[in-house]
Amino acid sequence: MTSHDERLRSPARALLVIDQPVLAEVVKLALNHGHYNTRVAHTIEGATEALAEWGPHLAILDMDMAGSAILDQLRPMQQAGNLPVIALTRRGDLKAKLAAFERGVDDILTVPFSPEEFVARTLAVMRRTYREAVEFRPVLRLGDLEIDILNRHVRAGGTELHLTSLEQSLLYLLAANAGRLLTRDEILNHLWGADYVAESNIVDRHIRNLRAKLHSDSSRRRYIETVPGRGYRFVPTTADGTPLPE
């Protein structure tokens, strides 16, 4: 098991203990705003193996995925060095959060969360732990899209778009899962939460608004592709509108 007495070296290693692929991809994309190598463990066994052989500098875990058992696996590494832990949970009650902090979690976010808040909290935890900052990359490029998380700007083909906070989070969710079909229920759960009681067309309406601002439409595979009767898929494109290889 790697000791963390040494200085933090770039890129930092981030272990994601998350069994939901859609959420894992959002976290991975958000970590691209820093300088990290990431590894995803979908099971406790996978997390245990990664802890032993990889020696991560940061652990991000889904507390709803047998959180107590995972924290038990993390504790020896926390005691041996400095392994900050950020927990994600869909339970917003104070009791669950206090229990997580009691078991050694350094920070906790309730799902759904904004990418901006996640990036800020991650950078803060790493700075507190290692007394040095992880490189911050405010702008991500996906095809001809530029997402500036610091200034909350999005550009398509060099043209700045004026997106609402929800539209920007929707774009981030879709872009993080580029090439993956996202059902309406998955989009609803990740942006509004599983307990949100929504009108039947809320996802389609926001997709339609986002498409209009992206100058996209349902007849072309540009940015957002409709999969009839199933959901939506993000398609990164070049400046001339050509889809990038998946």
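What you see is a predicted model; the values in this text were computed from it and never measured. In what follows, residues are counted from 1 in the order of the sequence shown.
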message: With a 3.5 Å distance limit and no angle check, can you tell me whether His35 reaches the backbone of Glu135 through a side-chain donor-acceptor pair?
response: no
task: Determine, stepwise, if the pair Leu109 / Glu117 fulfils side-chain contact (heavy atoms from CB on, under 4.5 Å).
output: CA-CA 9 Å; Leu109 283 85; Glu117 181 180 9; 4.2 Å; yes
- prompt: Is the shortest heavy-atom distance from the side chain of Val139 to the side chain of Ile147 under 4.5 Å?
  reply: no
task: Look up atom CD in Glu186 and atom CG in Leu191, then write down how far apart they are to the nearest 0.5 Å.
output: 11.5 Å
- request: Please collect all ring-ring contact (aromatic ring centres under 6.0 Å, His included) contacts where either partner lies in residues 95-114, sequence neighbours excluded, each pair once.
  value: Phe113-Phe118
- prompt: Would you say the side-chain atoms of Arg13 pair up with the backbone N or O of Gly55, donor to acceptor, closer than 3.5 Å?
  reply: yes
- prompt: Would you say Leu166 and Ile224 are hydrophobically clustered, going by side-chain heavy atoms of ILVMFWY under 4.5 Å?
  reply: yes
field: Hydrophobic cluster identity match, Leu140 and Leu150, side-chain contacts under 4.5 Å
entry: yes
message: Using the salt bridge (Lys or Arg N to Asp or Glu O under 4.0 Å) criterion, which residues pair with Lys97? Sequence neighbours excluded.
response: none
query: Any chain of hydrophobic side-chain contacts (each under 4.5 Å) joining Leu174 to Leu181?
result: no
query: What's the spacing between Thr110 OG1 and Met63 CE if we round to 0.5 Å?
result: 11.5 Å
message: Using every non-hydrogen atom in the two residues, find where Pro112 and His190 come nearest and quote the distance to one decimal.
response: CB-O, 3.0 Å
task: Please answer: with hydrophobic residues joined when any side-chain heavy atoms are less than 4.5 Å apart, are Val27 and Phe136 in the same cluster?
output: yes
- line: In terms of heavy-atom contacts, Pro84 and Asp106 come closest through CA-OD2, 3.2 Å
message: Do Leu98 and Val85 land in one hydrophobic cluster if side-chain heavy atoms of ILVMFWY residues count as linked below 4.5 Å?
response: no
message: If you define the side chain from C-beta out and look only at heavy atoms, does anything of Leu88 sit under 4.5 Å from Leu23?
response: yes
From CA spacing to verdict: side-chain contact (heavy atoms from CB on, under 4.5 Å), Glu116, Gln168: CA-CA 11 Å; Glu116 295 89 344; Gln168 188 154 331; 3.7 Å; yes
message: Is there a side-chain contact between Thr183 and Arg230 in this structure, where contact means two heavy atoms from C-beta onward sitting under 4.5 Å apart?
response: no
query: Which heavy atom in Ala50 sits nearest to a heavy atom in Pro56, and how many Å separate them?
result: O-CD, 4.1 Å
- line: Closest heavy-atom pair, Arg233 versus Gly179, reported as atoms and distance to 0.1 Å, is NE-O, 3.1 Å
- prompt: What's the spacing between Glu49 CD and Ile44 CD1 if we round to 0.5 Å?
  reply: 14.0 Å
task: Report the residue from Thr38, Ile60, Asn177 that forms a side chain to side chain contact (heavy atoms under 4.5 Å, CB included) with Lys28.
output: Thr38
- prompt: Should Ile187 and Tyr232 count as side-chain neighbours, where that means a heavy-atom distance under 4.5 Å?
  reply: yes
Any Leu145 side-chain heavy atom under 4.5 Å of Val154 side chain: yes
- prompt: Which pair of non-hydrogen atoms, one from Ser165 and one from Arg152, has the smallest distance, and what is that distance?
  reply: OG-NH2, 3.0 Å
query: Does the pair Thr164 and Lys213 meet the rule for a side-chain contact (heavy atoms from CB on, under 4.5 Å), with working shown?
result: CA-CA 11 Å; Thr164 66; Lys213 293 182 180 182; 4.2 Å; yes
field: Between CG on residue Leu182 and CG on residue Leu188, distance to nearest 0.5 Å
entry: 12.5 Å
Contacts of Pro21 that satisfy side-chain contact (heavy atoms from CB on, under 4.5 Å) - sequence neighbours left out: Arg180
- prompt: In terms of ring plane angle, is the pair Tyr172 and His33 parallel, tilted or perpendicular, where the classes change at 30° and 60°?
  reply: parallel
- prompt: Are Arg39 and Glu53 close enough for a salt bridge, meaning some N to O gap below 4.0 Å?
  reply: yes
message: Working to the nearest 0.5 angstrom, can you tell me the gap between Leu214 CG and Arg211 CZ?
response: 9.5 Å
query: Can Tyr36 and Val134 be said to form a side-chain contact (heavy atoms from CB on, under 4.5 Å), step by step?
result: CA-CA 9 Å; Tyr36 296 93; Val134 173; 3.9 Å; yes
- request: Specify the closest pair of heavy atoms between Leu15 and Ala47, including all atoms of both residues, with the distance to one decimal.
  value: CD2-O, 4.1 Å
- line: Output for pair (Leu61 CG, Asp64 CG), nearest 0.5 Å, gives 10.0 Å
- prompt: Would you say the side chain of Pro11 lies within less than 4.5 Å of the side chain of Asn37, judging by non-hydrogen atoms?
  reply: yes
- request: State whether the side chain of Asp148 and the backbone N or O of Asn151 hold a donor-acceptor pair below 3.5 Å, judged by distance alone.
  value: yes
- prompt: Do the side chains of Thr43 and Asp19 get nearer than 4.5 Å, heavy atoms only?
  reply: no
- prompt: Does Thr89 reach the side chain of Asp62, with side-chain heavy atoms less than 4.5 Å apart?
  reply: no
